[in-house]
Amino acid sequence: MQDLKVLTKEEKEGLDVPRISEDQVAENSFGKKVYIESYGCQMNFADSEVVTSILQENGYVTTSNVKEAHTILLNTCAIRENAEHKIRHRLQVFTHLKAKNPALTVGILGCMAERLKTKLIDEEKIVDLVAGPDAYRDLPALLDEVSDGQKAINVFLSREETYGNIEPVRLNSNGVTAMVSIMRGCDNMCTFCVVPYTRGRERSRDLPSIIAECEKLFQQGYREVTLLGQNVDSYKWTSEEGQLINFAQLLEAVALVNPLLRVRFSTSHPKDITDEVLYTMKKYDNICKNIHLPAQSGSNRILDLMNRSYTREWYLDRIKSIRNILGEECGVSQDMIAGFCTETEEDHQDTLSLLAEVEYDFGYMFAYSERPGTPAEKKLTDDVSEEVKMRRLQEIIDLQRIHSAKRNEMWVGRKVQVLVEGDSKKSKLHHFGKIDSNKVVVFPKGDEVKGDYVFVNVTHCTSGTLLGELC
Ligand code: SAM
Ligand code: SF4
């Protein structure tokens, strides 16, 4: 069961009052145990923390044991077809649980819920509840409807909802790093992407609630926050006094919460990332020197068809600014799509040559998956065969692996500062943590504990990890 937190009026007003105990809540939790599974991007995982907070305020408790749950909620992703297949497969598994316990409620949240709406209820008999990403405040009412024997659905998309006043309940937390959502939705309309349809219009969360959340996290012992949005560089919020705050200013305000609180952010859009953001990163040691800058393709013809609003030359100019302002050590990572509509061998070679020119530290690489309702599905032809997509994807992955190894080797022989996040996956005798350019470092334990900053001499590396000894 998760740690429980029910906000009282005093707490909402910023006063510290003790948490109520699990026992106290459990006494009132008959029929109200919820199990949540999250899929997809970091935003979805952050949303599950908001959902948990809303449910706990309404007397629900969360459990990590699906077998004792009265309600199962799947927070879903719709970005590629296989993400949806995974959910449908998972629902089959839950069908066995429902056969044993007909009172079990099964709900679908997130992007797949928003995309399929009532179709999900029609197609998947086990599903009782469907709630889109902007409908989470309505979840207690929707669950009540289900307990009255009805199917419940809310997929309204909002132009205002940011869940700004909700304090997320941290799930599966290491107590050191946390995600902080700064905006929702996306207005960019990349032709391949379903996000604008599943998450609605772009809106930014108010600055004071972001800062209050970061301050509280720091007081609770957290030492790193990742500011999340589909396109963080277009963050815009206007105060009551009419002051317009952009992303660089927000970043600075979060960096000032405490010099010991590291700040990361994701995702940047190449058309919007400004030199002002890069100079703000340079100004503060606690803003991590790492930028996730999805390229999607190295071919201008494909970038145009994707409606990415930048060219290869523009993208490379942004990389040049990153190197000029933040230096060679700044981590840079990419997203790339292989086999988008009409992609030729020449276009694919342009993607490989972009990789070679930038030499990214890391990448998330995907085969194009046509999504119903997107501009690409309506206007273009998904004409690259699966076989060719997979071969091109493999070539991109292979080249990225070489660059990741090369970029990691750059750190061998150096002394690096690491924020300790916990035990290494492979050995309890080792700790792991990250350096500010987002590289994972594993080293034999000393006296340090989670949340400490330590210095490590990097002695060797793999393409994924730096290995070393405490200084
Ligand atoms: N907002 C971010 C951006 O603009 O880069 C990323 C959003 S999306 C959740 C994450 C990544 O999924 C994208 O960068 C893209 O590479 C990939 N993606 C999105 N739609 C896709 C599709 N239809 N097929 C394959 N990959 C896709
Ligand atoms: Fe999708 Fe493009 Fe928005 Fe990213 S910027 S979420 S890829 S539409």
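Counting starts at 1 for both ligands and their atoms, following the listed order.
Backbone and side-chain nitrogen or oxygen atoms of R80 are examined, and one is located within less than 3.5 angstrom of a nitrogen or oxygen of ligand 1.
The proximity of E370 to ligand 1, defined as any non-hydrogen pair under 4.0 Å, does not occur for either the backbone or the side chain. Contact annotation for P196 and ligand 2: only side-chain heavy atoms (C-beta onward) come within less than 4.0 Å of the ligand. Under 4.0 angstrom from ligand 1, the non-hydrogen atoms of A367 all belong to its backbone. When non-hydrogen atoms are compared, ligand 1 lies under 4.0 Å from the backbone of F192 as well as from its side chain. Under 4.0 Å from ligand 1, the heavy atoms of R308 that appear belong solely to its side chain.
Distances from atom 14 (O) of ligand 1 to the heavy atoms of D335, I79, N44, N82 put D335 nearest.
Close approach of ligand 1 to P294 (heavy-atom distance below 4.0 Å) involves ligand atoms 5 (O). Under a 4.0 Å criterion applied to the non-hydrogen atoms of R371, ligand 1 contributes the atoms 23 (N). Proximity to Q230 (heavy-atom distance under 4.0 Å) selects the following atoms of ligand 1: 1 (N), 2 (C), 6 (C), 7 (C).
When the options I435, T465, V418 are evaluated for a side-chain contact (heavy atoms from CB on, under 4.5 Å) with V440, the one that passes is T465.
Protein heavy atom nearest atom 16 (O) of ligand 1, with residue, atom name and distance: Q296 OE1, 2.7 Å. Shortest contact from atom 23 (N) of ligand 1 to any protein heavy atom: S369 O, 2.8 Å. Atom 2 (Fe) of ligand 2 has C190 SG, 2.3 Å as its closest protein atom, hydrogens excluded (heavy atom only).
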